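Working notes, beginning with the structure itself.
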Protein chains: 2
Amino acid sequence: MTTSHTQSRFNSTLTSQCQSCSLSALCLPIALADEDINRLDQIIERKKPLKKGDFLFRQGETFDSVFAVRSGTLKTFNITSHGEEQITGFYCPSELVGLSGIDSNIYPVSAKALETTTVCEIPFSRLEELSSQIPSLKHQLFKVMSRKISDDQQMMVLLGKKNADEKVASFLLNLSTRFKKRGYSATTFRLSMSRGEIGNYLGLAVETVSRVITRFQKSELIHVDGKEIEIIDFPEVQKLVGVASDCGKIANI
Amino acid sequence: MTTSHTQSRFNSTLTSQCQSCSLSALCLPIALADEDINRLDQIIERKKPLKKGDFLFRQGETFDSVFAVRSGTLKTFNITSHGEEQITGFYCPSELVGLSGIDSNIYPVSAKALETTTVCEIPFSRLEELSSQIPSLKHQLFKVMSRKISDDQQMMVLLGKKNADEKVASFLLNLSTRFKKRGYSATTFRLSMSRGEIGNYLGLAVETVSRVITRFQKSELIHVDGKEIEIIDFPEVQKLVGVASDCGKIANI
DNA sequence: TTTTCATTCTGATCCAGATCAATGATTGGC
DNA sequence: GCCAATCATTGATCTGGATCAGAATGAAAA
């Protein structure tokens with residue numbers, strides 16, 4: 001018991017990282033008391049960086065943790081009946097991966113690094129325990145999952161109803177919003193995924209993605225240099241996407 | 001304390017409905033102690049039936065409850081930028097609607113009855129409170145939300161990668177599975193939604209849905225009479241869908 | 001009953017985006 | 001550095017499913 005206490009003190013002084021982590025306000029955006037942050041901190045394991053192409057977990061493996069991205073980018077994907085990969089999401093720093101594994105105790109998708117990526121591993125059973133003791137943590141977890149559900153539903157609208165231009169514009173604006181939230185430029189950023197991966201995610205062929213991007217560049221909506229993107233005419237890109245981007249807030253019928 | 005005990009006993013005899021409800025094992029499939037079931041029971045309001053076309057809630061309204069369908073069917077949908085409706089889900093008895101509202105405190109979709117429908121209203125704040133006291137209830141909530149996330153991701157695969165035949169076959173098998181789980185026939189059932197609604201949900205035109213169904217009938221995969229469906233050649237329909245229907249379980253790459 | 005309106009089905013035509021093909025541009029390995 | 005492999009772009013062609021048009025069926029209203 002003394003050992004445990006010593007260790008706990010040790011953790012809070014030397015290795016407590018959530019408090020100093022610039023993402024803490026985002027990955028589980030909770031106003032926790034210092035003591036609570038430490039408790040959360042102690043269940044989190046910082047893992048060694050993944051290299052590009054490394055798996056974080058694979059479809060079918062036993063679920064035991066969710067992961068917060070600290071740096072880099074991940075993609076999650078399914079393998080379809082025809083053996084193709086279907087990308088179901090990209091994950092940027094501060095975002096949580098692996099939530100879909102809770103139900104079946106098995107990860108229903110694989111997660112792979114698109115570039116050098118570091119994550120915090122959060123053993124789910126311990127997070128759940130802790131959430132019983134810290135109601136605001138439990139509430140945040142519900143919110144994060146609920147958010148994921150409504151985001152995925154927006155994605156269903158995109159896949160089911162939008163044309164190629166609208167899909168690509170939505171994708172760019174979505175990334176822009178996510179970069180902005182983390183304090184980066186909303187207009188200039190780097191795509192960590194290939195054109196092929198964008199197309200796969202949006203339900204388009206690579207060639208179509210390439211053509212749409214080229215066309216956007218020619219009509220001076222954006223400026224492109226390889227993977228570097230600059231959104232030049234923000235309002236026009238928003239117009240392409242339509243009000244649907246903040247669909248949750250518009251008037252109902 | 002005696003009062004509370006009396007009241008609890010009173011409820012369990014006269015108004016406790018979760019215990020006698022045939023769906024209780026499904027809507028929140030938990031092995032709860034009797035006393036816990038009563039506590040759950042007391043926060044649930046049974047509402048008067050919705051008629052066909054009635055809204056349960058509208059996109060943009062303040063979120064305060066999730067709903068368990070008791071009988072009938074609901075659809076949830078978004079309004080896109082072009083003013084069209086995009087259906088994001090159909091809800092059968094025992095299924096929970098409204099979970100996507102937790103994050104923003106606003107329902108991001110509308111929910112409308114496809115036929116006469118009854119629901120149990122579960123005020124979310126009280127459910128959350130109760131979940132602090134009953135860990136297995138909290139765990140079930142996480143599971144239900146996680147399940148929704150992985151189901152929606154399967155839907156993204158369907159919308160992004162499948163052709164018309166595969167979409168319709170997946171849809172029919174999905175319904176079949178859900179009917180079976182509730183103890184109804186997996187091969188013979190009634191579609192509560194129109195062809196138009198099916199097409200909207202699957203990202204297809206009405207005409208395409210109609211043609212595919214007719215074609216399936218001609219090749220003796222199914223038998224159709226209006227809204228009545230009988231799956232005749234189950235294995236063949238499964239073959240059409242591909243292994244992807246239980247994608248979560250197949251080998252990883 | 002008849003009228004009206006929605007739903008379903010079927011055929012004919014069209015087009016957005018897939019597919020095929022070829023050529024540059026980048027990137028990583030040694 | 002060079003070479004191989006992957007990635008991106010552009011053009012030409014093809015096609016699955018959308019769209020248009022109409023007829024047939026069904027279901028609610030009067």
Side-chain angles (χ1 to χ4, degrees), chain A residues 51-54 73 75 80 82 84-87 112-116 158-172 190-219 222-229 240, chain B residues 51-54 75 80 82 84-87 112 114-116 158-172 190-219 222-229 240:
Chain A
K51 290 197 302 290
K52 180 175 177 169
D54 285 352
T73 327
K75 67 173 172 185
T80 70
H82 307 301
E84 322 151 85
E85 150 178 340
Q86 164 70 44
I87 296 175
K112 200 182 217 180
L114 295 181
E115 56 191 321
T116 303
L158 178 145
L159 289 168
K161 288 273 174 299
K162 295 188 179 181
N163 65 27
D165 284 15
E166 293 168 337
K167 284 180 178 180
V168 174
S170 302
F171 180 71
L172 293 176
R190 191 172 174 286
L191 300 174
S192 46
M193 64 295 289
S194 71
R195 302 286 193 271
E197 285 165 328
I198 296 174
N200 181 303
Y201 179 59
L202 298 178
L204 295 173
V206 206
E207 296 92 328
T208 305
V209 174
S210 188
R211 277 187 256 264
V212 170
I213 289 182
T214 305
R215 187 146 30 81
F216 281 4
Q217 161 132 270
K218 277 184 183 147
S219 38
I222 61 177
H223 181 261
V224 190
D225 178 19
K227 301 205 173 255
E228 296 295 330
I229 298 280
L240 257 174
Chain B
K51 289 196 303 289
K52 179 174 177 171
D54 286 352
K75 66 174 173 184
T80 71
H82 307 302
E84 321 151 86
E85 150 178 339
Q86 164 70 44
I87 296 174
K112 200 181 217 180
L114 296 182
E115 57 192 322
T116 303
L158 178 145
L159 289 168
K161 288 272 175 300
K162 295 187 179 180
N163 64 27
D165 284 15
E166 292 168 337
K167 284 180 179 181
V168 174
S170 303
F171 179 71
L172 293 177
R190 190 172 176 286
L191 300 174
S192 46
M193 65 294 289
S194 70
R195 303 285 193 270
E197 286 164 328
I198 297 174
N200 181 303
Y201 179 59
L202 298 178
L204 296 173
V206 206
E207 296 92 328
T208 306
V209 174
S210 186
R211 276 186 257 265
V212 171
I213 290 181
T214 305
R215 188 145 29 80
F216 281 3
Q217 162 131 271
K218 278 185 183 146
S219 38
I222 62 178
H223 180 261
V224 190
D225 177 20
K227 303 207 173 250
E228 295 294 330
I229 298 281
L240 257 173

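Order of the sequence lines fixes the chain letters, A, B, ..., with proteins taken first and strands second; residue numbering starts at 1 for each chain. Quick note: numbers below take in every heavy atom, side chains included, and nothing from hydrogens, waters or symmetry partners. Quick caveat: nothing in here was measured; it's all calculated off a predicted structure.
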Where along residues 193-206 of chain A does a heavy atom come under 4.0 Å from DNA chain C, residue by residue in number order?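 Only A:Gly203, A:Leu204, A:Ala205 qualify.
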May I have the distance from [X] (atom [atom1]) to [N] (atom [atom2]), rounded to whole angstrom?
| X | N | atom1 | atom2 | value |
| --- | --- | --- | --- | --- |
| B:Glu166 | D:dG16 | CD | C1' | 12 Å |
| A:Lys52 | C:dT27 | NZ | P | 9 Å |
| B:Glu115 | C:dT7 | CD | C1' | 17 Å |
| B:Arg215 | C:dT8 | CZ | P | 18 Å |
| A:Arg190 | C:dT27 | CZ | C1' | 11 Å |
| A:Leu191 | C:dT26 | CG | C1' | 15 Å |
| B:Lys51 | D:dA28 | NZ | C1' | 15 Å |
| A:Glu228 | D:dA8 | CD | P | 13 Å |

Please classify the nucleic acid contact of A:Lys167 as base, sugar-phosphate, or nothing, using heavy-atom distances under 4.0 Å.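 Contact class for A:Lys167: none.
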With sugar-phosphate meaning primed atoms plus P, OP1 and OP2, does B:Lys227 contact a base, only sugar-phosphate, or nothing at under 4.0 Å between heavy atoms?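 Contact class for B:Lys227: sugar-phosphate only.
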Quick test: give all pairs of protein nitrogen or oxygen and nucleotides 11-13 of chain D nitrogen or oxygen below 3.5 Å, distance rounded to 0.1 Å.
residue : atom : partner  : partner atom : Å
D:dG11  : N7   : A:Arg211 : NH1          : 2.8
D:dG11  : O6   : A:Arg211 : NH2          : 3.4
D:dA12  : N6   : A:Arg211 : NH2          : 3.4

Are B:Ser170 and B:Lys162 close enough that a side-chain donor and a side-chain acceptor fall under 3.5 Å? yes
Please tell me whether A:Gln86 and A:Thr80 have a donor and an acceptor in their side chains that are separated by less than 3.5 angstrom. no
Would you call B:Glu84-A:Lys161 a salt bridge at under 4.0 Å N-O? no
Between A:Glu85 and A:Lys112, is there a side-chain N and carboxylate O pair less than 4.0 Å apart?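 A:Lys112 and A:Glu85: not salt-bridged.
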Side-chain (B:Asp225) to main-chain (B:Glu228) donor-acceptor, under 3.5 angstrom: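 Flag not set: sc B:Asp225 to bb B:Glu228 has no pair under 3.5 Å.
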So which nucleotide from D:dA8, C:dG17, C:dT8 ends up closest to the side chain of A:Ser210?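 The closest nucleotide is D:dA8.
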